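Let me begin by presenting the structure, written as structure tokens, before commenting on it.
As the structure is a computational prediction, the values presented were derived from the model and not from experiment.
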Amino acid sequence: MHPDNRFWDEWKGSRVQLLYARNEEELPELSGETFVVQTKLSEPKARRLSSRNALLGFAHLPMHERKPEWLLACTLVATVSEYCISLLRKAGVERLHEEPIYGIAEVARGDASEAVLRSSPYLWDQRKARDRLFSVFYRPTAEKFEKRKGVTLGILSLIVPIKQFPLLFSRIAPVLARHDDVHVEIFGAGGYAQVRDLRKALRPIAARTRFWGYQRNVAAVCGKIDYLLTGLPEKEALGLNVLEAEVCGTPVLAPRGGPFGETIIDGRTGFLYRDPREDAGADFERVLLKAKAGPRPDPRTQTAHLERFGYPALVERAKRLLAALERAAPR
């Protein structure tokens, strides 16, 4: 890992060896080890590592408009959803762990009744002169979140390209404009260009949209919205915000596709709708009317579904992953 990343320091003293490197050239030439890589390597480096070690590669993003060269060199490849598995298989990755690792919803970050206060929606890139300048002068207006009358759709996510929020709202904002009792609240931050483009797409409903910036207390946010709204599906690997919302009892509205069929039970933990790029948001409006009419689904009633994304289930999947790696590299 990068030497500035101290997340794994708690492993010190265990049988896990921590390797700090700013780039792959700094990685030591080890032999006979189990090597776990959670970031992209060059294909030659991956082949050198796998020739002398059991190399487990994690694919954390879907193989959508991406090339799998370094993954082809791994002893075994693991990923986070059935959707990502299917894309890896189509890309020609054969040494593939056939069970998704998924993830867990971790929402114990504070009191769920805690107030939500506005912060900056921008993640300033200090390498850019524009961002350095704007970061000096921009100050978000101090405000405490109060839910408005009507239905509240909330985004709880970083505002990043893989979510495709500007493209999504370019299709559904005209639909939302016809429903003046529906509000959009955005809890998250992103680069200047992404936030700018999202604001443009939201112009038809600008008066009913507010930006609250990054919020650490996920449970507090989920308790203050009626439905979580996801981005578009094809670049989404799993969507931990979906799992977090469901654990908190907040149903989800999502386009049908990507991993959302694995994380959302239509009609029980939320509602799936046809990709709005295909029908100009007509099916989204059908789902929106259903959400407005109620009753609102409570995802917490779907215990078997939520248990798939709990910590004990993750541990069992990790055990099966290590067993598969041993079979792939018995040495």
With no hydrogens and no angle check, is any side-chain donor or acceptor of [X] less than 3.5 Å from a backbone partner on [Y]?
X      : Y      : answer
Gln302 : Arg268 : no
Arg210 : Ala207 : no
Arg47  : Ala73  : no
Ser81  : Ala237 : yes
Ser119 : Tyr214 : yes

* To do: Could you point out which residue of Glu25, Glu24, Glu29 forms a salt bridge (Lys or Arg N to Asp or Glu O under 4.0 Å) with Lys45?
  => Glu29

* What residue among Arg148, Arg208, Lys292 forms salt bridge (Lys or Arg N to Asp or Glu O under 4.0 Å) with Asp181? -> Lys292

Name all residues meeting the side-chain hydrogen bond (donor to acceptor under 3.5 Å, both in side chains) criterion together with [X]; count only those two or more places apart in sequence or in a different chain, and write none if there are none.
X      : result
Glu98  : Arg89
Glu69  : none
Glu285 : Arg178, His179
Arg203 : none

Donor-acceptor pairs are to be reported for all side-chain atoms of residues 221-231 against protein atoms at under 3.5 Å, with residues two or more places apart or in another chain.
from	atom 1	to	atom 2	distance (Å)
Lys224	NZ	Glu114	O	3.0
Lys224	NZ	Ala220	O	3.3
Asp226	OD2	Lys147	NZ	3.0
Asp226	OD2	Thr152	N	2.8

* Asked: Can you check whether Tyr138 and Tyr122 have ring centres sitting under 6.0 Å from each other?
  -> yes

* To do: Output, in order, the C-alpha distance, side-chain angles, deciding distance and verdict of side chain to side chain contact (heavy atoms under 4.5 Å, CB included) for Leu321 and Leu76.
  => CA-CA 9 Å; Leu321 171 60; Leu76 190 67; 4.0 Å; yes

For the student: nearest non-hydrogen atoms of [X] and [Y], plus distance:
X      : Y      : answer
Asp279 : Asp283 : OD2-N, 2.9 Å
Leu30  : Asn53  : O-ND2, 2.9 Å
Pro259 : Glu236 : CD-O, 3.2 Å
Pro251 : Arg296 : CG-CG, 3.4 Å
Trp212 : Glu185 : NE1-OE1, 2.8 Å

* Same apolar cluster: Ile104 and Val80, side chain cutoff 4.5 Å -> no

* Asked: Should Glu278 and Arg274 count as an ion pair when the cut-off is N to O under 4.0 Å?
  -> yes

* Take Glu234 and Arg277 through the test salt bridge (charged side-chain N to carboxylate O under 4.0 Å, His left out) and record every step on the way to the result. => CA-CA 12 Å; Glu234 69 271 14; Arg277 292 169 291 188; 2.7 Å; yes

Under 3.5 Å donor-acceptor pairs involving side-chain atoms of residues 56-66, not counting sequence neighbours:
from	atom 1	to	atom 2	distance (Å)
His60	NE2	Gln38	OE1	2.6
Arg66	NE	Pro62	O	3.4

* Mind running side chain to side chain contact (heavy atoms under 4.5 Å, CB included) on Arg95 and Cys74 for me, showing each step along the way? => CA-CA 7 Å; Arg95 292 189 290 274; Cys74 292; 5.9 Å; no

* From Glu246 atom CD to Asp298 atom CG, the distance as rounded to the nearest 0.5 Å -> 10.5 Å

* To do: Measure from NZ or CZ of Arg199 to the centre of the six-membered ring of Phe211 and say whether it is under 6.0 Å with the direction within 45° of the ring axis.
  => yes

